[in-house]
Structure formats: C-alpha cells, structure tokens
Protein chains: 4
Amino acid sequence: MLEEPPLRADAARNRARILDAAEAVFAELGPTASTEEVARRAGVAIGTVFRHFPTKDDLLAAIMKRLLARLVEEAAEHDLFAFFTHVVAQAAAKKTVVDLLPVDIRLAEAVGHLESAVGTLLAEAQASGAVHTGIRLPEVMALLVSVCQGALHSGWDEDLQRRTLTVVFAGLRAQS
Amino acid sequence: MLEEPPLRADAARNRARILDAAEAVFAELGPTASTEEVARRAGVAIGTVFRHFPTKDDLLAAIMKRLLARLVEEAAEHDLFAFFTHVVAQAAAKKTVVDLLPVDIRLAEAVGHLESAVGTLLAEAQASGAVHTGIRLPEVMALLVSVCQGALHSGWDEDLQRRTLTVVFAGLRAQS
Amino acid sequence: MLEEPPLRADAARNRARILDAAEAVFAELGPTASTEEVARRAGVAIGTVFRHFPTKDDLLAAIMKRLLARLVEEAAEHDLFAFFTHVVAQAAAKKTVVDLLPVDIRLAEAVGHLESAVGTLLAEAQASGAVHTGIRLPEVMALLVSVCQGALHSGWDEDLQRRTLTVVFAGLRAQS
Amino acid sequence: MLEEPPLRADAARNRARILDAAEAVFAELGPTASTEEVARRAGVAIGTVFRHFPTKDDLLAAIMKRLLARLVEEAAEHDLFAFFTHVVAQAAAKKTVVDLLPVDIRLAEAVGHLESAVGTLLAEAQASGAVHTGIRLPEVMALLVSVCQGALHSGWDEDLQRRTLTVVFAGLRAQS
DNA sequence: AATGAATGAGGTTTCATTCAT
DNA sequence: AATGAATGAAACCTCATTCAT
C-alpha cells in the first residue's frame, strides 16, 4: 500500500486529461484503439502517456479503476435495482470493457469495493423483501457483469434493455 | 444464394482442420490471436489459411457460423431452459465470442436460424406454462447473449453458473 | 535453334488462349497483374499456365514476341512514317511494355527482326528523299521506343499523339 | 495548402537520408524494390520510413517531387535544347520513373511547375527563332517524357542519346 | 496434359514501447 | 516532465511457383 509522491500540478492535470481522452477513445473505438490516438485526443505527446501509464494495460486498468470508483460513489444514492440499471446504462455508453475478472491484480481492490457496495444494497433489498433471501452476492455480481457485457456487445435499444432487466429483477424477487 | 462448387476431398479436409485449429486458438488466446498461429496449429502453411478464408474476419465469421449451426441442430433435443444452459456452457468452453450483433452480414442468416430455434422453444415453454406469456423473444435472446458473455469474461465456476441461471429462469417464469 | 516437338491440338489451343488472355490482362492492369487473373480470363487452371510458360517472365516474353512478330508482318504494308504511327498506336492500346532492351535473351531474335524491317523502310524512305540520308537505324529505333513509352505512360489523346509524331517526322526529314 | 510544422533537426536529417536512399535503390532496382531495402540503405528502421512516408506510394511521390523541383531550379540556367538534354541525362542516370501523368494528385503541382519552366524556355526559343512558332507546349512535354522513358528503358549509350536528341531538335526547329 | 490446392518467402503496414532532445 | 522521432517485432496478406490428384 505505497503512497505515491504527489504529482506536480501540471502532471496531475495531464494525467486527468489522458484518462478522459482514453475513456472517450476506447468508448468509441474499442480497446484496440491505438495509444497514439489517445495522446492526440488528450493533446499531449505519446511519451507523456507512457510516462503516466507505463503500458497500455496500465492505462486500461486506470480507466476501469476510475470508472469503478465512480460507480461505488453513486451506489449510496440508489436501491439495488436502480443501481443495477444505472450500471448497465453506463456500460452501454462507455464501451469500456467491464471485465470484472480480477485476473488483473490492479483492479482487485476496486472490484472489491464495488462488490461491497452491491452487497450492502443487496442486504437492504432483502431486508425490505424486494429480493428473495436465498439470493447471494456472487450471482448478483455475475448477473450485473453479464447484462453489462450483453448491452455492450449487442447494441440494445432502451426498450429492450428495460425488458431484459425486468426479467432479471423478477428473478431476483422470486422464490427460486 | 450462390452454390459454391464442391471442394476437393483434400481441400475439404484442410478447411475443417483450419476451422478446428482456429476455434481452439481463438478460444485460448482470444480473437486477437494471430492467423499464423492458427496455421501452425492446423499444420498447414499460412497461404492455405488465406486461400480458404481471404480475411481474418472471414475466418472468425466462419467459426461463428459453424458454431451457431451446431447449436441450432442441438436445439431440438432440449427444452428452453436446458438449451439455455447448454449454450452458456458451450460459450464458456469455446471462448469464441458469441457476438450476436449481426453487424456482420455474413452471420445474419446463421443468427436468424438460432433466433428461430429459440423462438420455437420459447413458444413451447409458454404453451406448457413454464415461461410467462408476457415474455418475448428479443429479451430471451438478450439474456442468452448476456449470460454467455458474462460466463466468457468472468470465468465462473459451475456452481455460480447454475445459480445465475436459476435467477434468470425464475425471472422468465414469473409474473413480471 | 531447337525445334520443339509439335503440341497436341488441345495444348496448342490452350497456349493461344493463354496468350490472348495475358495480352488483355496485362493491357488492362499492367505487367504486375497476377498470373491467376490470366488463368481465370483464359478459362484454364493456373497449373496450365505454368506448364506452358514456366515463369511469369516467360509469359511476358512470349506476348512480346508475338506482338513483335505481328508488327514485322505488318511492316511491308506501310512506309516508314505510317509504320511508326501504327506501332505507337499499338503500344498505347496494348499497354504491354515495349521494352526493346534485348537484355532479355528470349527477345533478341524478335527484336532483331523488327529492326531489320524498320531498316528496310528507312532505306526506302531515304531513297525517296523522305528521310535525310544522315539518319541511321539506331536513332530511328530509339525514337520509336521512346514515343511508344511516352504514349504508354502519359495517356495522350489522339491529337497530341499526332502533333508529337509530326515533330519527330520533321526531324527525320530535316537536314540535321 | 497546409503548412506542415517544421521538423526537428534529427527528423529532417533522417527524412533526407531516406529520400537519398530511396532514390538510389529505386534507380538500381526499379520501383518494385522493397521498402525494407530502402530502410536498410538509409540506416534506419523500417518504422522510420513509414513515419515519414505512410505509404510506399507516398515515398515514390516524394522522390519524384524532389526530383522535379530540382529540375525546375536548374531550368533557368539553360536554353530549351540544353535543358532537354539535361533532363534526359538525369532520367537515364536516376532510373526514377518520370511519369508525368498527373494521375497522382500529389505531383500535380510539381509537374505544373516543370511545365511552366519549360513553357518559358519554349517561348524564348521561339522568340530567338530556334524553334518553329507552330510548336506548342504539350508536344514539347510529350517529347521530353518520351525520350526520358526511352533512355530509361533502353540503356542507350551517350552517342545514341545525342543522335536521338539531334533528330528531335531538328524537328522542333523545322517548318512542320 | 490439365487441375487447383498448397506452399512459403516476402511485401506493406501498424503500434506498443524506448530514448535522445 | 514533456516531447515526438525512432525502433522493430509482428500482423495481415499476395502471389509466383510446386505438386498431388
């Protein structure tokens, strides 16, 4: 749990610009978009990107980490179903691959935080009777990831997305 | 609807070997695996791969087409839930991306066939009362794709896969 | 000066069809057109092309040889200027490279025949006073090749071709 | 009419080395010589060639552009006949294809400049009586291209080149 | 003699990453 | 810290040529 030295102000600004640009570029072109394109969009030179993120994977991980952190922050404002809907909408918008498989050690912590937040919402939902008590966290996460991926790959319209989630929510509510 | 001339026996054998090798390679390394690797695994020269599949995309499309055709054949032997489970298991095994978005014109027909087959199973399930009558085909397909993608990306174990599908099936059965 | 064994009738027919196709293909697409394209156009398999012409260069040489032989036959019907005009028009039509550089041993003989024919026409032209007596065969051949190449590469219209040849003919006629 | 940003000193040096190497390589081996060979000769990595010239065609166009620009600069020092001779000698030396057909939009401007320069020399030659007044620029350019191509393809010796040009010059001078 | 599938060297091009400026 | 030119491995793909059928 090393603390990084604080960045110089301009470096911090560049880091943020790069992340924003990368988020936009990968959302548009998928994760195979080139790092040069990210640099161009961020208005910095390619070397600067690599100074901040030594490999392309580091850059992708950093995007994911920031995105996950944002989601965690937003969790408190939602109940489970609303949050679920929100996350799926996000995933469809930012095309960034929500690859929760924590093979990537760099994301283990961020994913853990999201899982905790969802766990809290799940407990609340079960307490209020909105979700059946037999449901456990892993399958909720699995469903979340699945629907995100599905929305990502298949270009659903809003209506289909709603109807799909309706089924999932009914399943969570039901006696199994 | 052009009919291709029938392939010579040796060419047909090589075509099949290449498809098998490609299926395995892409399952292991993802769709960015190199065509050279496929050739090596198939035991043919690189030119042979390109004679059969002029583009890497053609190769990927051919794999998907064969996979979809196989699934369609197997549909008749299952009810909706069993088929759903079977498809997800397949997807997890072959890592081949079940990208049903028929952006790829070459797959439109094959995807259509799968959709028809699922439609038939859905009608049967609704007739027998196993699935609520308000459910329509698009969301069933969306869920199928979603869970396949989820299984693909997240490396679920068998138990988690079963629990996740249990929720989906409950949702399909329920009053929405 | 080996005599080839006579070809079987069907083989002879194929040889001719291949030459015709090759002339057309190279005229349209330049000498970088693929040998497969020639085979396709000739309606034979690729192996047949290579049986008749063991290398692509052999095929190109054979085309040139036939083209040169035709020109030689036609020489008798023309005076020098008319023949010159005819050859240039041919070259512009068949885009086949009139590369008279007899680096290619296979063409030495055919080029020699053309040179003889032009020599005869030159002698006649000089006898009749149409060409200055100081002119010698090599520069006539050089000019012929030049204007052919020029017409080939620059896409002249008919009018420009005529005006260009007018200058050349005036030069041949003049006192130098 | 975009102005490119000025190159860094080292980049400019490499750009020039690549152009020099390419000129030499294509002169020796023709325009089908490989880009790798150019890189090797220039002493840079292959990627550097493609950073400067994203396409092989771009590289060929750049060579031609530089060559044409040099010729234009040298035009002022010559009269029409001397310039004509000079250009042909150049073409024979650098085997670079003087393909004036401005199919290649990238060369339209450079070719235009050469044509202007020749136009000026032609006007002077006509004013001084060295060239007949009926001659127009297009046929002069056509002859220039032709003799360059001829010299290129046929490997003339110096004497033949002189005698050939003598005929052309006589034609330009003559009453047509 | 003809077929056409297979070969494989070699071409162009891309792009993550390094490093001199 | 930032720049952006250079690197070079590796990707995709073409095509002249060979060879089993």
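Because the structure is a prediction, the values reported are computed rather than measured.
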(message) Using the side-chain heavy atoms of C/Phe50, tell me which of these nucleotides is nearest: F/dT18, E/dT12, E/dA5.
(response) F/dT18

(request) Between B/Arg8 and D/Phe53, name the one whose nearest nucleotide on DNA chain E is closer to the 5' end. (result) B/Arg8

(request) Scan B/Arg17, B/Arg41, B/Arg66 and name whichever one has a salt bridge (charged side-chain N to carboxylate O under 4.0 Å, His left out) with B/Glu23. (result) B/Arg66

(request) Measure the distance from CD1 on A/Ile18 to P on F/dA1 and round it to the nearest whole Å. (result) 12 Å

(message) Once you apply a heavy-atom cut-off of 4.0 Å, does A/Thr48 come out as touching a base, just sugar-phosphate, or nothing?
(response) base

(request) Return no unless some side-chain N or O of C/His52 is found under 4.0 Å from OP1 or OP2 of E/dA2. (result) yes

(message) Of the options F/dC13, F/dG8, F/dT17, whose atoms approach the side-chain atoms of B/Ile46 most closely?
(response) F/dC13

(message) I want to check something: taking the side chain as every heavy atom from C-beta on, are D/Ile18 and D/Leu59 in contact at a cut-off of under 4.5 Å?
(response) yes

(request) Of all the heavy-atom pairs spanning B/Leu107 and B/Met64, show the shortest one and how long it is. (result) CD1-CB, 3.7 Å

(message) Between P on E/dA2 and CZ on C/Arg15, what's the gap in Å once rounded to a whole number?
(response) 12 Å

(request) May I have the distance from C/Arg17 (atom CZ) to E/dA2 (atom C1'), rounded to whole angstrom? (result) 12 Å

(request) Measure from CG on A/Leu60 to P on E/dT17 and round the result to the nearest Å. (result) 10 Å

(message) Counting only side-chain nitrogens and oxygens, does D/Arg51 get under 4.0 Å of the OP1 or OP2 atom of F/dA5?
(response) yes

(message) Expressed as a whole number of angstroms, how long is the span from D/Asp10:CG to F/dT7:P?
(response) 10 Å

(request) Under a 3.5 Å limit for both distances, which nucleotide forms a Watson-Crick or G-U wobble pair with F/dA16, could you say? (result) E/dT7

(message) Strictly below 4.0 Å: does B/Asn14 bring a side-chain N or O up to OP1 or OP2 of E/dA5?
(response) no

(request) Please determine if a side-chain N or O atom of B/Thr35 lies less than 4.0 Å away from the OP1 or OP2 oxygen of F/dC12. (result) yes

(message) To check you understand the geometry: which heavy-atom pair defines the closest contact between B/Ala27 and B/Ala93, and what is its length?
(response) CB-O, 4.5 Å

(message) By nearest atom, which of the nucleotides F/dC15, F/dA11, F/dT17 is closest to the C/Thr55 side chain?
(response) F/dT17

(request) Using whole Å, report how far CZ of B/Arg13 lies from P of E/dG4. (result) 17 Å

(request) Look only at the side chain of C/Lys56 and the backbone of C/Pro31, and say whether a donor-acceptor pair between them is shorter than 3.5 Å. (result) yes

(request) Map C/Gly47 and A/Gly43 onto DNA chain F by nearest heavy atom, then report which one ends up closer to the 5' terminus. (result) A/Gly43

(request) Using whole Å, report how far CG of A/Asp58 lies from P of E/dA16. (result) 13 Å

(request) Identify which nucleotide among F/dT7, E/dT17, E/dT12 has an atom closest to any side-chain atom of D/Ala45, counting heavy atoms from C-beta outward. (result) F/dT7

(request) Can you tell me the pairing partner of E/dT21 across any strand shown, Watson-Crick or G-U wobble, with both distances under 3.5 angstrom? (result) F/dA2

(message) Taking B/Ala11's backbone N and O only, do any of them form a donor-acceptor pair with B/Asn14's side chain (distance below 3.5 Å, no angle check)?
(response) no

(request) With the side chain of A/Lys56 defined as its heavy atoms from C-beta on, choose the nearest nucleotide among E/dT17, F/dG4, E/dT12. (result) E/dT17

(request) Quickly work out the D/Arg40 CZ to E/dT12 C1' distance and round it to whole Å. (result) 14 Å

(message) Reading DNA chain F from 5' onward, which residue's closest nucleotide shows up sooner: C/Glu36 or D/Ala11?
(response) D/Ala11

(request) Could you please name the option among F/dT3, F/dA16, E/dT12 that lies closest to any side-chain atom of A/Val44? (result) F/dT3

